[in-house]
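Reading through the structure tokens given below for one structure.
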Amino acid sequence: MRGMETGKTRVRHEVFTEIARLAYEGCDGNDYARRIEELPYKICPGDPDEVGAYKSSLLLERAVVGERLRLTMGLPMRKLGEHNNVSDNVEESVIAEKYYDPPLINVIKFACNRCPDNIVTVTNGCQGCLEHPCIEICPRGAISKVNGKAHIDPSLCIRCNQCQSACSFSAIIRQERPCHKACGIGAIGSDELGRAKIDYDKCTSCGQCLVNCPFGAISDKSQIFQTIMAIKSDTPVYVVLAPSFVGQFGPDAVPEKMKAAFRRLGFADVYEAAIGADLCVIEEAADFLEEVPSKHKFMVTSCCPSWSDMVKKFFPEMSENISVAMTPMVLTARFVKKKHPGCKVVFVGPCDAKKLEASRRTVRSDVDFVLTFEEVLGMLAAKGVDKECIPMSEAEPLNQSGTDARMFAVSGGVAQAVVNAIKSIDPNREVKVAKATGLKECRKLLMMAKEGKYDGYLLEGMACPGGCVAGAGTLQNVDKSARAVCKFAESANYTCAYDTEYKEYLPLIEEKTF
């Protein structure tokens, strides 16, 4: 659950914190391996009965933490059935630069609960009533009375949900595997043992399965260690901070304190990714005016990599409809490297899919690292940075972008920004918009576009329900985060993208002349 520390999030935070602490403290040679081997015992201390805090087996709990530690170091999971250690091949990650090796999203098989998927069952709430409408309404005769209670024969049930609707006591429920339910493109199935299995040919790395697995059996890889190693080198590392950061690090982490907080972590400075959002809007507005409807029937926004990846995988015939504009992350990173030649850039945001975007050959030289808010929280904890204790004398306002750009973090924000930019060029141009969030709804939107229902439209898709504020790496309640983003957006010095002082950089960073 967002905004609430649960057993699952507590373990994740401890793993991120310990790996960050290991990187900051450093050690000699084989000591990295020794310390990593000790971490499962530190994170999951034993008791006399060897009962874990979250699982019945302390040994299993430590094994799961071991896999999480490896993934956080950017290493692959161990192969079951072979003799190996948590620290095997750790030397491959004790470096200042490491790209993500696929897969990014991983299922820790022995942590999976083999949750039931798509079954209709009768709960203890059944009252064995005289009317028994569930029995009468079932079209397949799958329901009978057993010991005075309704019983469903799963071999006959077609999951039509009529019995569920008919029950006055809401005693019949439909259960779906949480990870499968959260995946809007059907990329999660089951292996021969009933454990979750990801079809990577379909997966777009949105990370919603990770968020929704209550057992913490799905985890992603990280670059925390390598980012800190880069910070400790002589090369300055700059932060590109996503618009959805507002409120993510707690009530004391007001926008004015973010630069000071990141500097205490060792970063050189902070730039709003909304700088690139303004530049992205300028590109997308020009793209729309030039190509819709003369070259393409509609245009698809490009800023969400998971959404654009879904278009390419499931609707390849629409690939040319995707705007050619680079994402705000890439545009801002190029801007930063133009201003600070020879530096490194880390994008800090809510998104897992950005990790894969940064691994593309065309982007690798622009964005060196991608961290989520959750991972940065581990760095703050490792360094003991208390946002409340940062004095206002160190506060420095973030005022590099406009209202429209900051609204990229919420559903509808991208499209509205493009509409506003087009209106500033051609006030008489009508721009029709259709939007969707969550890949299931995004897929429906594209199906309708395929049928010709959105000709002339600008289509905005965001993989995470509600927008970037619901990304896999966010920490706070989605609605609360959206309100915080809107409030911060209102404080900007200007609204429309064309008012940005950085638009002169756009031709330079598009051509990458540095």
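Note that the numbering runs from 1 along the sequence shown for the chain.
With respect to the salt-bridge test (charged N to carboxylate O, under 4.0 angstrom), the residues Asp366 and Arg360 do not qualify. Salt bridge status for Arg263 with Glu394: absent, with no side-chain N to carboxylate O gap under 4.0 Å. The existence of a salt bridge linking Glu38 and Arg35 is excluded, since no basic side-chain nitrogen approaches an acidic carboxylate oxygen closer than 4.0 Å. For Lys337 and Asp368, the salt-bridge test passes: some basic side-chain N is under 4.0 Å from an acidic carboxylate O. Under a 4.0 Å N-O distance rule, the pair Lys312/Asp309 does not qualify as a salt bridge.
For Asp386 (side chain) and Glu388 (main-chain N/O), a donor-acceptor pair under 3.5 Å exists by modelled atom type. Put simply, the side chain of Asp191 never gets that close to the backbone of Lys197: no donor and acceptor are under 3.5 Å apart. Formation of a donor-acceptor pair under 3.5 Å by the Lys355 side chain with backbone atoms of Lys221 is found in this model. With hydrogens and angles ignored, the 3.5 Å screen pairs a side-chain donor or acceptor of Asn84 with a backbone N or O of Glu82.
Applying the ring pair (Phe, Tyr, Trp, His ring centres under 6.0 Å) test to Phe314 and every residue at least two apart in sequence or in another chain returns nothing.
Within a 6.0 Å sphere centred on OH of Tyr200, other residues, nucleotides and ligands contribute more than 12 heavy atoms. Heavy atoms from other residues, nucleotides or ligands lying under 6.0 Å from NZ of Lys313 number more than 12. Residue Lys257 places its NZ atom among more than 12 non-hydrogen atoms of other residues, nucleotides or ligands, all under 6.0 Å distant.
Centroid-to-centroid, the aromatic rings of Phe245 and Phe262 stay 6.0 Å apart or farther.
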